[in-house]
Each structure stands twice: as structure tokens, then as C-alpha cells.
Amino acid sequence: MCRNRRGCQIRRAERLRIRIKDSDDLKVEEGVFDVPTLKALYRLSNKKFIRSLGGVMSTGKEANVFHALDEKGEIAVKIYRITTSDFRAMQEYITGDPRFKSIKHDKKDIVIAWTKKELRNLMRAHDAGVRVPMPIISERNVLVMEFIGKDGIHAPLLKEVASEIEDPVGTYEKITEYMRLLYHKAGLVHADLSEYNIMYYGEPIFIDMGQSVLLSHPHAEEFFVRDVGNIVRFFRKLGVECSEEGLIAEIKRGGKDDPHQSAG
Ligand SMILES: Nc1ncnc2c1ncn2[C@@H]1O[C@H](COP(=O)(O)OP(=O)(O)OP(=O)(O)O)[C@@H](O)[C@H]1O
Ligand SMILES: [Mg+2]
């Protein structure tokens, strides 16, 4: 018998043979480990995608990100919360995406579709040559991906290392090259790109692509202009000469990797 809710969660996790490093995490992560999520983790552990779940690295608006281990080493596990996600905000990004035409519009289905969408977006970005955490698998509301960092310590965000970046111009060029590849090769707009969703581990790494949309999405252009604005604002503060109009034109023109490059 378990005496309280938290005790029950721990027992359930144990029964499902999911090793959770610190039972305090269960308390902190209220709203994450419901039974269907524990079962999804169990399926992933049975299929050898997760060996043990470690501590929480981040508690965001919609998801919590955990450090974990698989058979080979470190991985990151992002768990979208079904109950406390802002699913109305999610809807705006899913409606208009032909890949998700048939999903029902209840909260659980939207969060599950969102998780799958992040996996697919990361794959598309990776295939286009953008440095992102290598996506591994998604199961229900759980996304497993490459861990960016070492020995349990995740890499910092671009925001956190702003003053230490040795080569702001080079970093700006790398990021805008990724924006170009994303636009032309993956056919995607990140849609929440800023110094808060770029990690820095010797190089910039784009993360958090659940909200990324295809270029055909009705709000793709608006999201693209917003992404450009965030990047320009950040790098201007670091002394890089750039402008929104210039970057929009440059990306739209296509980079050297775009075979359809046009003159104007
Ligand atoms: N693959 C990864 N490897 C290491 N750390 C990661 C990884 N993915 C995410 N993180 C860490 O978790 C944090 C949150 O990740 P992400 O932005 O994807 O989630 P989020 O819930 O959408 O967050 P927010 O709501 O704060 O934007 C990141 O800022 C980063 O510190
Ligand atoms: Mg984020």
C-alpha cells in the first residue's frame, strides 16, 4: 500500500522498472508522471531506448526535460505535460499543418501530435544540415534525443554565454546559415528562435522545435520575420552589423546550398 500520492507514484515507477534517480523529482515534477506517461516510459525502457531517467534539467511552459541514460550513454528526455500544457497556444501551430490534418482537437491528442511534430521537425532540420539534438524516438508525450553536454551537465544557452562568445560574427553567420538551410532545404520556420532556444556547445545548436511550421503554414511568414528580429536584436547588442531587412532578403535569396538560388 502506498500512503500518499507521491508514494504511489514512486511505487508505480518502481513497478514499471523505471529508475528515477531522485524521488524528490517526482514531487517537483507534479503533473508529469501520470500513469499513461509512466507506461510510455516503460515501453521505451523495454525497447532499450531508456535505461534510467535522471534529474530534471528544465521545467518549461509545456514540457520538462530530463537527463537520462540509454545503453550507450547520455540522452535527453523531453516529457510534454498533458494536464498543464497551454494547448490552446499549441493549436495555432498545428492547425494549418497538413501533416496533422486528421488529429482530434482534444488536449491529449494535441499534446501527442505536438511531441511527434517536434521529432519530425528535428529530423527534417537534421537532414537539412542544421545542427540540432539528434532525435531518436517519440512515444506518446515523450521525446528521446541526443544529450547536448557532458557528464550530466547540459550545455548553456546562447543567452547565458553571450558575453563570452569569442567570434560573434562567425556565430551569427553560422546561425543565419542554419536559418537558410531550415527555410530552403527543410522547408521549415523555427517559429520560436532566439538566444533562449539555441544552445552553445562549441557551436550553436538549435533546440525546441515543437512549434516549428512548414513554409505553407498560414502564419509561417509572420513567425519567420519574428525569428529574424530576435536574432538581429541579439547580435546587434554584441556589435555585429546586421539588419532585419538585410537578413530577411539574404535568407530568402537562398544560400550557396540552395540549387534554386535566384538573382533577386
Ligand atoms: N537535447 C538536449 N540536451 C541537453 N539539454 C537540453 C536538450 N534539450 C533541451 N535541453 C535543456 O532544456 C531546456 C528546455 O528545453 P526546450 O526549450 O526544448 O523546452 P521547453 O519546455 O520548450 O522550454 P521553454 O518553455 O522554456 O521554452 C533548454 O533550455 C536546455 O537547457
Ligand atoms: Mg525553449
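Read the numbers this way: they start at 1 and go in the same order the structure lists the ligands and their atoms. Hydrogens, waters and symmetry mates play no part in the numbers below; they use all other heavy atoms, side chains included. A quick note: this is a predicted structure, and the numbers were derived from the prediction, not measured.
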Practice task
Can you sort out which atoms of ligand 1 are near Pro133, meaning under 4.0 Å from one of its heavy atoms?
Solution key: 1 (N)
Exercise for the section: Could you tell me whether Lys72 atom NZ has more than 12 heavy atoms of other residues or ligands within 6.0 Å of it? Expected result: no
Fill in the blank from the handout: Quick note on ligand 1: atoms under 4.0 Å from a heavy atom of Ile148 include exactly 1 (N), 2 (C), 3 (N), 4 (C)
Practice task
Looking only at distances, please establish whether an N/O atom of ligand 1 is found under 3.5 Å from an N/O atom of Asn197.
Solution key: yes
Practice task
Would you check whether Tyr196 has a nitrogen or oxygen atom less than 3.5 angstrom from a nitrogen or oxygen atom of ligand 1?
Solution key: no
Exercise for the section: Quick one: sort the Phe206 and Tyr178 rings into parallel, tilted or perpendicular, breaks at 30° and 60°. Expected result: perpendicular
Completion exercise
Short version for Asp208: what comes under 4.0 Å of ligand 1, heavy atoms counted, is both
Practice task
Considering the heavy atoms of Phe147, write down every atom of ligand 1 situated less than 4.0 Å from one of them.
Solution key: 3 (N), 4 (C)
Problem - Stepwise side-chain contact (heavy atoms from CB on, under 4.5 Å) test for Ile75 and Phe49 - result: CA-CA 9 Å; Ile75 47 171; Phe49 286 105; over 6 Å; no
Exercise for the section: Flag the pair Glu118 and Lys78 as a salt bridge only when some basic side-chain nitrogen lies within less than 4.0 angstrom of an acidic carboxylate oxygen. Expected result: yes
Exercise for the section: Work out which heavy atom in Leu41 is nearest to a heavy atom in Phe33; give both atom names and the distance. Expected result: CD1-CE2, 3.7 Å
Practice task
Would you check the N or O atoms of Asp192, main chain and side chain alike, for any that come under 3.5 Å of an N or O of ligand 1?
Solution key: no
Handout entry: Any Met209 heavy atom less than 4.0 Å from ligand 1
Key = no
Completion exercise
For Asp208, the N, O or S atom at the shortest distance from the Mg ion (ligand 2) is OD2
Practice task
Determine, considering heavy atoms only, which of Arg81, Glu146, Glu74, His67 sits nearest to atom 1 (N) of ligand 1.
Solution key: Glu146
Exercise for the section: State whether Arg180 and Glu250 are salt-bridged, where the test is any N-O pair (Lys NZ or Arg NE/NH1/NH2 against Asp/Glu carboxylate O) under 4.0 Å. Expected result: yes
Fill in the blank from the handout: Quick note on ligand 1: atoms under 4.0 Å from a heavy atom of Ser58 include exactly 12 (O), 13 (C), 14 (C)
Practice task
Measure the CD1-NE2 distance between Ile198 and His190 for me, rounded to the nearest 0.5 Å.
Solution key: 7.5 Å
Problem - Gap between atom CZ of Arg124 and atom CZ of Arg120 - 0.5 Å precision - result: 9.5 Å
Exercise for the section: Check the angle between the aromatic planes of Phe223 and Tyr93 and answer parallel, tilted or perpendicular using the 30° and 60° thresholds. Expected result: parallel
Practice task
Considering only NZ, NE, NH1 and NH2 on the basic side and carboxylate oxygens on the acidic side, decide whether Lys39 and Glu139 come within less than 4.0 Å.
Solution key: no
Exercise for the section: Could you tell me whether Met57 approaches ligand 1 through its side chain, its backbone, both or neither, with non-hydrogen atoms closer than 4.0 Å? Expected result: side chain
Problem - N, O or S of Ser58 under 2.8 Å from the Mg ion (ligand 2) - result: no
Handout entry: Met145, any N or O under 3.5 Å of ligand 1 N or O
Key = no
Completion exercise
Contact region, Ala63 to ligand 1, non-hydrogen atoms below 4.0 Å, reads both
Problem - Per-residue contact class, Ile207 against ligand 1 - non-hydrogen pairs under 4.0 Å - result: side chain
